[in-house]
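Since the structure comes first, as structure tokens, the remarks are kept for the end.
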Amino acid sequence: MKIASWNVNSIKARMPILRGWLETVQPDVVLLQELKGLEFPAEELRALGYHSAAVTQKSYNGVAVLSKQPLEVVSTTLAGDDEDSHARFLEVLIEDALGAGSGPLRVVCLYVPNGNPVGTEKFEYKLRWTDRLIEQMRLWLAETTPTVIGGDMNVIPTDMDCHKPASWAKDALFQPEVKARYAQMLGMGWMDAFRTLHPDQGGLFTYWDYFRNAFETNRGIRIDHFLLSPALHGRLVGCEIDRAPRMMEKPSDHTPIVMELG
DNA sequence: ATGTCAGTTCCAAACTGA
């Protein structure tokens with residue numbers, strides 16, 4: 001089965017590209033981030049063959065999961081802070097996603113806070129949010145349900161994941177505290193699907209600034225990730241970044257990452 | 001500081017967020 005993740009930077013603005021991409025690529029499951037509005041085109045996506053669940057808010061954030069098979073929403077909020085109202089988290093179950101009799105697959109769609117600028121409340125929120133996520137990831141590992149976590153994690157894991165480390169040194173996505181938390185997730189047993197299959201290939205990114213011809217000159221960063229629980233490590237068949245949607249008219253600043261599980 | 005795009009708002013130039 002094919003599962004993709006894409007920060008669309010407004011579902012409304014990206015629907016023309018998303019529609020064509022779904023028809024061409026035909027992923028079984030799609031995780032979307034940065035919907036940027038209360039409206040969600042569930043009926044239009046249903047007509048394209050996808051069930052969906054979405055968590056939206058006005059103007060900002062917003063996450064959704066699309067699935068060719070029916071999905072069951074488990075949670076629309078990340079545990080650990082009742083005051084947190086951002087639409088950044090969606091946990092669903094998809095029955096038999098890995099084939100008949102395979103049981104439920106847990107799919108978690110994330111839009112981790114950006115955290116810029118460093119030294120502000122926004123950065124503190126990013127760290128606290130990530131710590132809450134790590135606690136939840138610990139609980140998932142203690143259960144038997146195989147789990148895929150995917151989304152815009154807003155972390156550049158290593159120097160290899162950006163065109164030029166020096167130019168990201170002051171950015172929230174590249175701070176030691178942020179990279180350490182991502183490394184902690186890997187240390188707990190979560191597998192970075194893309195990096196596992198491409199262990200020493202630099203220059204492979206999922207995001208490029210809109211300005212200064214960043215895409216054309218490949219000055220980008222790898223911040224959209226898939227993490228696999230141990231039960232799924234042996235099922236990882238492929239994981240690629242699809243640059244095609246970033247080359248189209250009116251693109252998102254992110255492009256999809258597509259993973260194959262067997 | 002700059003660059004660009006999307007959403008929002010005293011409806012349209014200026015803001016916020018990324």
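In what follows, chains are A, B, ... by sequence order, proteins preceding strands, each numbered from 1.
- Within the 4.0 angstrom heavy-atom criterion, only backbone atoms of the sugar-phosphate kind lie near A:Tyr111; the bases stay farther away.
- Protein atom CZ of A:Arg219 is 14 Å distant from nucleotide atom P of B:dG3, rounded to whole Å.
- A straight line from CG of A:Asn154 to P of B:dG17 spans 15 Å, rounded to a whole angstrom.
- Judged as a ring-ring contact (aromatic ring centres under 6.0 Å, His included), the pairs with a partner in residues 36-92 of chain A (not counting sequence neighbours) are, in order, A:His86-A:Tyr125.
- To the nearest angstrom, C1' of B:dG17 lies 8 Å from CG of A:Asn114.
- Taking the C1' atoms as reference points, B:dG7 lies 14 Å from B:dA12, given to the whole Å.
- Annotation: B:dC10 and B:dA14 have their C1' atoms spaced 12 Å apart (nearest Å).
- Between B:dA13 and B:dA1, the distance separating the two P atoms is 26 Å to the nearest Å.
- Nearer to the 5' terminus of DNA chain B, by closest-nucleotide assignment, is the contact made by A:Arg212 (compared with the other of A:Glu34 and A:Arg212).
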Contacts under 3.5 Å, N or O only, protein and nucleotides 6-13 of chain B:
from  : atom 1 : to       : atom 2 : distance (Å)
B:dA6 : OP1    : A:Arg14  : NH1    : 3.1
B:dA6 : OP1    : A:Arg14  : NH2    : 3.3
B:dA6 : OP2    : A:Lys250 : NZ     : 2.9
B:dA6 : O3'    : A:Ser10  : OG     : 3.1
B:dG7 : OP1    : A:Ser10  : OG     : 2.3
B:dT8 : OP1    : A:Ser59  : N      : 3.4
B:dT9 : OP1    : A:Lys58  : NZ     : 2.7

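- With rounding to whole Å, A:Glu249 atom CD is found 16 Å from B:dT4 atom P.
- Put simply, CG on A:Asp152 is 17 Å from P on B:dG17, counting in whole angstrom units.
- A side-chain hydrogen bond (donor to acceptor under 3.5 Å, both in side chains) with A:Asp224 is found for one member of A:Thr206, A:Asn154, A:Thr255 and no other, namely A:Thr206.
- Look at CG on A:Asp253: it is 16 Å from P on B:dG17, rounded to the nearest Å.
- The distance from atom CG of A:Asn116 to atom P of B:dA18 is 8 Å, rounded to the nearest whole Å.
- If you take CD of A:Glu216 and C1' of B:dG3, they are 13 Å apart, rounded to a whole angstrom.
- In the model, A:Lys126 has no side-chain atom that pairs as donor or acceptor with a side-chain atom of A:Gln175 under 3.5 Å.
- With respect to the salt-bridge test (charged N to carboxylate O, under 4.0 angstrom), the residues A:Glu135 and A:Arg132 do not qualify.
- Remark: the A:Gln33 side chain and the A:Asp152 side chain contain no N/O donor-acceptor pair separated by less than 3.5 Å.
- Under the 3.5 Å distance criterion, with hydrogens and angles disregarded, a donor-acceptor pair is assigned to the side chains of A:Glu240 and A:His198.
- For A:Phe215 and A:Trp208, the ring centers sit closer than 6.0 Å to each other.
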